[in-house]
Protein chains: 2
Amino acid sequence: MSTDLLTDDACGLRERKKRETRRALNLAALDLVEEKGFAAVTTEEIAARAGVSTRTFFNYFPSKEAAVIGTTPEELESYAAALEEAVPHETPLQSLRRILAGMLAPASIDRELRARRRRILLGEPSLAPALVGNNIRIENALTAALERRLGAEPGVALEARLTVALAIAAVRACIEHQQNGGSGRLERNIDLAFDRIAAGLR
Amino acid sequence: MSTDLLTDDACGLRERKKRETRRALNLAALDLVEEKGFAAVTTEEIAARAGVSTRTFFNYFPSKEAAVIGTTPEELESYAAALEEAVPHETPLQSLRRILAGMLAPASIDRELRARRRRILLGEPSLAPALVGNNIRIENALTAALERRLGAEPGVALEARLTVALAIAAVRACIEHQQNGGSGRLERNIDLAFDRIAAGLR
DNA sequence: CGCTTATTGTGCAGTCACTGCAAAATTGCA
DNA sequence: TGCAATTTTGCAGTGACTGCACAATAAGCG
């Protein structure tokens, strides 16, 4: 159903051009934010640099924030699918650690885009509200996936939502720690955080 | 330093009028949101119902969302102070459970305002992004307070931020569970959630 | 190739949140 | 009462975002 992330060539010219435009807008937004800071960038500029009209910008992204943070529906689906499938000897929390860490690591094809997204994310605290807003979508998708994985027993709904919410919050806490000049490398801190969650907090 | 929440009479006419205006705007916003839904309410309407100009609205609140969700700096300070002071036999997590539950419970003076805030909060999912945005402020204030309580040992910064972030995320998860028609009473679920966190997740 | 049809891009007009600025109204204080 | 500080307000402007109608373009078909 969903085109997997590696096949760029989903048939028609139409589809390809749409992806190119989306990507161009995405890159333009990241460029400009790096140059001038998020607040000083206008949607008009982003559209201009990507070579489309301002109106078209809003055909691709519902907001200025989305063009910078932009988790695509495809990405979302792929993360959800990864969580739904139970890997042997892996608890839900361990799956989440792996998947969420993967979202930050410039691993798959679009490593350029992801690396820059990450840099901006760590550097621009003013994006934090938009970031957490975006997380809601991720949280809902992952919660649904985990519910399916755990089956429909009573109490599972809350359990699933709680697990996902805490995992995302842990990653976000590490990012904010980083932004506030905290010590330690991001990945290392994330590992520490998940270990804490597994062991129980006081 | 900070006027505590019970003394309404902090001297002058000026101060009193400011509080009244703030409260009038707050109530007007809640009224209108209950009537028409958040998206359909304009700042102009809110100001009009409160009997002030649109421009004045923005002297009191930085955004439309803030008038609805509106955690005042005083509230923030009072929560932070409550967390900083260590109660005997209470772990940080237990303190957070008590304090965050108190934010939802219509306990102190302004029970009317708080009860309506809570009802709207549970009923209007479109406010979720604004809600989590607001949580950032709360999180930062509580993190700083917990850091002070725990002292300046290495690793405390991350530990404090993580604990606060997880506690807030737990409450939020329970709220969203409620919004999505999940089972159980809110307070009961929050208790369950905190017990889980203390015991460790899988 | 041409023609029809479904998408997609764009311009335009409009709404609304939000801001800076300067003048007017109000309050505090001597 | 009169002066100084603060608050309110109007005004003009910017910029995000939307609906709509129309132009441009790709897709499918004879």
Side-chain angles (χ1 to χ4, degrees), chain A residues 3 8-26 28-29 32-33 35-70 72-73 124 126-127 129-131 133-134, chain B residues 3 9-26 28-30 32-33 35-70 72-73 124 126-127 129-131 133-134:
Chain A
T3 58
D8 189 29
D9 46 26
C11 59
L13 205 174
R14 211 160 236 173
E15 201 68 19
R16 192 170 65 238
K17 277 192 97 172
K18 268 180 84 169
R19 290 196 194 188
E20 277 170 14
T21 305
R22 181 178 204 90
R23 189 181 156 77
L25 282 168
N26 216 157
L32 288 166
V33 170
E35 282 175 26
K36 316 164 55 173
F38 181 76
V41 175
T42 68
T43 57
E44 210 175 332
E45 288 174 301
I46 300 174
R49 181 171 297 212
V52 297
S53 73
T54 307
R55 189 64 186 80
T56 299
F57 173 91
F58 286 103
N59 287 340
Y60 282 86
F61 296 99
S63 67
K64 193 172 79 166
E65 286 87 349
V68 179
I69 299 176
T72 66
E124 187 115 23
S126 69
L127 271 175
L131 226 245
N134 186 54
Chain B
T3 58
D9 45 27
C11 60
L13 205 175
R14 209 157 237 172
E15 201 68 19
R16 192 169 67 238
K17 276 193 96 173
K18 267 181 88 168
R19 288 196 196 191
E20 276 169 16
T21 304
R22 182 178 203 90
R23 188 180 154 78
L25 283 168
N26 215 157
L30 293 173
L32 288 166
V33 170
E35 281 175 28
K36 317 165 52 173
F38 181 75
V41 175
T42 69
T43 56
E44 209 175 334
E45 288 175 299
I46 299 174
R49 179 169 300 210
V52 297
S53 73
T54 307
R55 189 63 185 81
T56 299
F57 174 91
F58 287 103
N59 286 342
Y60 282 86
F61 296 99
S63 68
K64 191 171 80 167
E65 287 86 349
V68 178
I69 299 176
T72 67
E124 189 117 21
S126 70
L127 271 174
L131 224 247
N134 186 54

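Lettering of chains follows the sequences in order, A, B, ..., and the numbering in each one begins at 1.
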With rounding to the nearest 0.5 angstrom, report the [atom1] to [atom2] distance, [X] to [Y].
{"X": "A/Thr43", "Y": "A/Leu25", "atom1": "OG1", "atom2": "CG", "result": "10.5 Å"}
{"X": "A/Arg49", "Y": "A/Glu35", "atom1": "CZ", "atom2": "CD", "result": "4.5 Å"}
{"X": "A/Glu65", "Y": "A/Ser63", "atom1": "CD", "atom2": "OG", "result": "4.5 Å"}
{"X": "B/Ile69", "Y": "B/Asn26", "atom1": "CD1", "atom2": "CG", "result": "10.5 Å"}
{"X": "B/Thr21", "Y": "B/Tyr60", "atom1": "OG1", "atom2": "OH", "result": "4.0 Å"}
{"X": "A/Glu45", "Y": "A/Thr54", "atom1": "CD", "atom2": "OG1", "result": "10.5 Å"}

Grab the [atom1]-[atom2] distance between [X] and [N] for me, whole Å please.
{"X": "B/Arg55", "N": "D/dT9", "atom1": "CZ", "atom2": "P", "answer": "11 Å"}
{"X": "A/Glu44", "N": "C/dC12", "atom1": "CD", "atom2": "P", "answer": "13 Å"}
{"X": "A/Ile46", "N": "D/dG15", "atom1": "CD1", "atom2": "P", "answer": "13 Å"}
{"X": "B/Arg19", "N": "D/dT6", "atom1": "CZ", "atom2": "P", "answer": "18 Å"}
{"X": "B/Arg22", "N": "D/dT8", "atom1": "CZ", "atom2": "C1'", "answer": "16 Å"}
{"X": "A/Glu15", "N": "D/dT25", "atom1": "CD", "atom2": "C1'", "answer": "15 Å"}
{"X": "A/Arg16", "N": "C/dT8", "atom1": "CZ", "atom2": "P", "answer": "15 Å"}

### Query
Between D/dC17, D/dT9, C/dG9, which nucleotide has the shortest distance from any of its atoms to the side chain of A/Thr21?
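Among the listed nucleotides, the one closest to the side chain of A/Thr21 is C/dG9.
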For [N] and [X] - does any side-chain N or O of the residue sit under 4.0 Å from the phosphate oxygens OP1/OP2?
{"X": "A/Thr42", "N": "D/dG15", "value": "no"}
{"X": "B/Thr43", "N": "C/dA17", "value": "yes"}
{"X": "A/Lys17", "N": "D/dA26", "value": "yes"}

### Message
Quick one: does any side-chain atom of A/Glu15 pair with a main-chain N or O of A/Gly12 as donor and acceptor, under 3.5 Å?
### Response
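No.
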### Query
Are the side chain of B/Lys64 and the backbone of B/Val41 linked by a donor-acceptor contact shorter than 3.5 Å?
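Such a contact is found between B/Lys64 side chain and B/Val41 backbone.
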### Message
Side chains of A/Glu124 and A/Val68, heavy atoms from C-beta outward: is any pair under 4.5 Å?
### Response
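SC-SC contact between A/Glu124 and A/Val68 ruled out.
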### B/Phe57 side chain reached by B/Glu44 side chain, heavy atoms, under 4.5 Å
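The answer is no; the side chains never approach within 4.5 Å.
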### Message
Please report the end-to-end axis angle for the helix from C/dC1-D/dG30 to C/dA30-D/dT1, five pairs per end, rounded to 10 degrees.
### Response
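Result, rounded to 10 degrees: 10°.
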What pairs of nitrogen or oxygen atoms, one from the protein and one from nucleotides 22-25 of chain C, lie under 3.5 Å apart?
none

### Message
Just to be sure I understand the geometry, which residues of residues 56-64 of chain A put a non-hydrogen atom under 4.0 Å away from DNA chain C?
### Response
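By residue number: A/Thr56, A/Asn59, A/Tyr60.
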### Task
Write down the atom of B/Ser53, the atom of B/Ala47, and the distance for their closest heavy-atom approach.
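Looks like O-CB, 3.5 Å.
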